[in-house]
Trainee: 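This structure is in structure tokens; I'll ask about it shortly.
Positions are given from 1 along the sequence. Computed over heavy atoms, backbone and side chain alike; hydrogens, waters and symmetry mates excluded. In this text the structure is predicted, and so the values were computed from the model without any measurement.
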Amino acid sequence: MEFALDSVPSPDSVPQIDFKAQLNEDQYLSVTAEPGPLLVLAGAGSGKTRTLTYRVAWLLSQGVRPGEILLLTFTNKAAKEMLHRVQELTGIEPKRFWGGTFHSIGHRALRMYGEAIGLARTFTILDAEEAERLLKQVVESQDKLFFKDKTRPRPGPLFGIISLARNTQLTVEATVEKYFPHYAEISDRLPAFAKAYDLRKREQKVCDYDDLLEHWLALLRQAPDVAEYFTSRFRHVLVDEYQDTNTLQAQIVDTIGSHHRIMAVGDDAQCIYSWRGANFENIMSFPDRHPGTAIHRIETNYRSTPEILNLANGVLMAQPKGRHFDKELRAARGHMEKPYVVQAMDDREQAEFIVKRARSLHEDEGVSLSSIAVLYRSHFIAVETQIALARAGIPYHITSGVKFFERQHIRDLVALLRFVYNPSDSQAWERIAVLLPKVGEKGAQKIHAAALGHAKDFQKDFIDALRAEDVRARVAKDAKEDWDDLVVSLGQVSEAMRTGTPSGAVETAIDGWYGDYLKGAYTDYTDRLEELKALVGFAQRFEETQDFLAQILLLNSETSDRHVDPETDAIKLTTVHQAKGLEYDVVFLIGLADGQFPGRRSIEAGDVEEERRLFYVAVTRARNELYLCYPKIASRPGPGGMMNTPSRFLQELSPDLYQQLKIKRLQAW
């Protein structure tokens, strides 16, 4: 096997750069550090990208060739931006570097040397839909009835389980136990499916997205000459957002960087993606795996006011001793107001506060709407805010998915309720019926027509007519078992509507057929179930089902932003996860009550550390003003009853770090 370095220009062509003048002291010390294991802890807003960019330029200025630098990032956009900036500094073209995402670099390596582990050079890559379809075929070849049980994971969620296991290097069974306990009863069956799926890919000479990492690591471990080539070629390995690496990625870095000339740049306090496989231990144990690691801290923050950073440092101080790296953000900006803690009576008053304050900021103080953000832990927390902004005529964009009432599982459940309330609503019926196996729109229409005919002929209630054998005969064979459960559930919901409240009908619907469907349809079943339960709280406002359903329709119309141009000046609504890496002049962080942030499951599991890091990420998004808001009354009862307690993350903070803002003070604005 032949190995060859790319031809590269002489390092003498790199222009002189005054690194000391262009960097602050922390950045300069990191950029110019001696080669070796380096862990650069880059605090929020401290210029992490700038540090990495100048590190590449520094290495070039020291005679390192572009082809000897490997830059690993999590997005191609980040790699392109960094290498473009390097070109502006040094004149070296991006194509002379190996720089990109872990997956793109893995693909490049496998194209070159994959044959060393039996991977055909002509392998093709499956997209997500194709990979799920292949997995489905494999499972059905082993157990044709597996997917018949609607409580079992469908191909998409099943693929997600296997994918997470591969990326975390856990067994499939351990992955189910840790992340998907609702599938515990079948966890012992899944490893065989995963093995058969892998064999089928080998037979077809195809790879899925995860293979680009798994096979890359196998190549490095099983082909010593290839590993030696990469280790000797890439004298310097630079990794961006190191705290987000999963076990596979960390092992790849450690193997290629066995010479220990690795610069890992990240922030342990911003490790918030364990549910995607990110392993907090990777950054914490980096010095142990790479003896002699020099730890550099970049702590000057150019984003936020000193007051906001004081509060952020307070969040860091509350972390358990020995489970984080010490750091303290320092402000480069002048003083402004302390962050505000706002207690609202309930979700609606919290939303009204945001509307009034946002309008004042925009109309009286000239703050653009697009520089205002409302952040939250979970989608359902923002329902009332969406409603209030829409009714006030204030444009907004949701940057992390779709609006609450437009989310697929919310629309499904509402359609089920609409159909039970009005069986003539064929659109609602079709949305539910097509969720049955092998039932399409035409099949759904035929079933509806048969039930309608039976109801007329025998003077029956439409829901009762669905139980008739001549109607059941129109149901696809594969759907009959599901059909029986659906009909029972529809009858129960109908009874709840007649004898109870709208909220009772919603609860009955969640506990019935659709709740079972949800369990098999989505990997994030528990999160979606929480959102459905939030619909129960919304329904408690109404005494009549017709008013409840009508209000949802009106709200969907009011909150729809399909007519709003993406360039429109509009408030941003987003989850904290999606806001990472972004910044806003004004941030409203809402739902800061125990059970909402941190979430109930984290509290019950006795592990809220990732939630605390998420809180730190949230508060460090704000440049000028930060409002920490929570409702006193819960939208639906929790373990503590109807009354919320402020988030433990708020209670941990010294009162000197914030100021209380009472809602009645709004009249002064």
Side-chain angles (χ1 to χ4, degrees), residues 44 179 269-276 278 311-312 315 318-319 339 341-344 346-347 350-351 353-354 373-386 396 398-404 407 409-410 522 524-535 537-538 571-582 584 587-622 626-636 638-640 644-653:
Y179 297 100
Q270 296 188 68
C271 182
I272 59 173
Y273 296 118
S274 67
W275 48 280
R276 290 185 188 169
L311 188 139
V315 178
Q319 297 178 101
V341 169
V342 184
Q343 182 198 76
D346 53 22
D347 287 337
Q350 179 179 251
F353 161 72
I354 292 169
V374 179
L375 308 184
Y376 37 86
R377 176 64 183 86
S378 303
H379 288 286
F380 70 86
I381 294 172
V383 175
E384 294 292 349
T385 302
Q386 293 178 33
Y396 68 95
I398 292 185
T399 61
S400 56
V402 298
K403 291 176 168 54
F404 180 81
R407 286 173 64 73
H409 51 296
I410 301 296
Y522 300 103
D524 58 346
Y525 158 75
T526 49
D527 291 333
R528 291 177 187 259
L529 186 61
E530 279 290 302
E531 293 182 3
L532 289 179
K533 289 178 179 177
L535 199 60
F538 181 76
I571 291 176
K572 302 297 187 292
L573 270 64
T574 179
T575 62
V576 182
H577 281 105
Q578 291 292 327
K580 184 175 178 289
L582 304 177
Y584 304 93
V587 166
F588 296 90
L589 180 56
I590 65 174
L592 272 174
D594 255 26
Q596 291 186 349
F597 199 166
R600 187 174 294 118
R601 291 201 307 277
S602 296
I603 295 171
E604 291 172 352
D607 183 10
V608 298
E609 289 315 301
E610 184 160 334
E611 297 277 295
R612 183 181 283 109
R613 296 194 292 271
L614 194 63
F615 180 53
Y616 168 79
V617 168
V619 302
T620 53
R621 300 309 95 198
L626 174 63
Y627 297 86
L628 306 171
C629 312
Y630 70 94
K632 188 175 181 181
I633 298 176
S635 58
R636 59 187 177 88
N644 283 326
T645 57
S647 168
R648 61 194 62 199
F649 303 145
L650 283 178
Q651 297 183 59
E652 290 168 351
L653 297 172

Trainee: Quick check with a 6.0 Å cut-off and a 45 degree axis cone: is R621 positioned over the face of Y584's six-membered ring?
Mentor: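 Verdict for Y584: no cation-pi partner in R621.
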Trainee: Taking the cut-offs as 6.0 angstrom to the six-membered ring centre and 45 degrees off its axis, would you call R276 and Y273 a cation-pi pair?
Mentor: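 Output yes; distance and angle both within limits.
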Trainee: Checking T575 side chain against Q578 main chain: does a donor-acceptor pair fall under 3.5 Å?
Mentor: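 The answer is yes, because a donor-acceptor pair under 3.5 Å joins these two groups.
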Trainee: So does P598 get a backbone contact from the side chain of S602, meaning a donor-acceptor N/O pair under 3.5 Å?
Mentor: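 Checking the backbone N and O of P598 against the side chain of S602, no donor-acceptor pair under 3.5 Å is found.
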Trainee: Would you check if the side chain of D594 reaches a backbone N or O of R648 as a donor-acceptor pair within less than 3.5 Å?
Mentor: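 Such a contact is found between D594 side chain and R648 backbone.
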Trainee: Do you know the tightest heavy-atom contact between F380 and A534?
Mentor: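 The answer is CB-CB, 3.5 Å.
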Trainee: Tell me whether Q651 contacts the main-chain N or O of P646 through its side chain, where contact means a donor paired with an acceptor under 3.5 Å.
Mentor: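 Looks like yes, one N/O pair under 3.5 Å.
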Trainee: How far apart are the C-alpha atoms of V383 and D347, what are their side-chain angles, what is the distance that settles it, and do they pass the side-chain contact (heavy atoms from CB on, under 4.5 Å) test?
Mentor: CA-CA 9 Å; V383 175; D347 287 337; over 6 Å; no
Trainee: Is the side chain of S647 donor-acceptor paired with the backbone N or O of F597 at a distance under 3.5 Å, no angle test?
Mentor: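 Pair found, side chain donor or acceptor close to backbone of F597.
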Trainee: Is it true that R601 and D607 have a side-chain N and a carboxylate O under 4.0 angstrom from each other?
Mentor: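 Judged by the 4.0 Å cut-off on N to carboxylate O distance, R601 and D607 do not form a salt bridge.
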Trainee: Apply salt bridge (Lys or Arg N to Asp or Glu O under 4.0 Å) to the pair R377 and E611, showing each step before the final yes or no.
Mentor: CA-CA 9 Å; R377 176 64 183 86; E611 297 277 295; 2.8 Å; yes
Trainee: Could you work out, with side chain to side chain contact (heavy atoms under 4.5 Å, CB included) as the rule, every residue matching S274, not counting sequence neighbours?
Mentor: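 Partners of S274 by the side chain to side chain contact (heavy atoms under 4.5 Å, CB included) criterion, ordered by chain and then number, come out as E610.
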Trainee: Does one side chain, of Y630 or Q350, offer a donor that lies under 3.5 Å from an acceptor on the other?
Mentor: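 No, no side-chain donor-acceptor pair sits under 3.5 Å.
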Trainee: What is the minimum heavy-atom distance between L653 and V315, and which atoms define it?
Mentor: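 Closest approach of L653 to V315, heavy atoms only: CD2-N, 3.7 Å.
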Trainee: Go through the steps to decide whether K632 and D346 satisfy the test side-chain contact (heavy atoms from CB on, under 4.5 Å), and finish with yes or no.
Mentor: CA-CA 6 Å; K632 188 175 181 181; D346 53 22; over 6 Å; no
Trainee: Check this for me, if you would: do E531 and R528 make a salt bridge, where the nitrogen-to-carboxylate-oxygen distance has to be below 4.0 angstrom?
Mentor: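 No.
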Trainee: Would F588 and L626 count as a side-chain contact (heavy atoms from CB on, under 4.5 Å) here? Give the steps.
Mentor: CA-CA 6 Å; F588 296 90; L626 174 63; over 6 Å; no
Trainee: Does the pair L375 and I590 meet the rule for a side-chain contact (heavy atoms from CB on, under 4.5 Å), with working shown?
Mentor: CA-CA 6 Å; L375 308 184; I590 65 174; over 6 Å; no
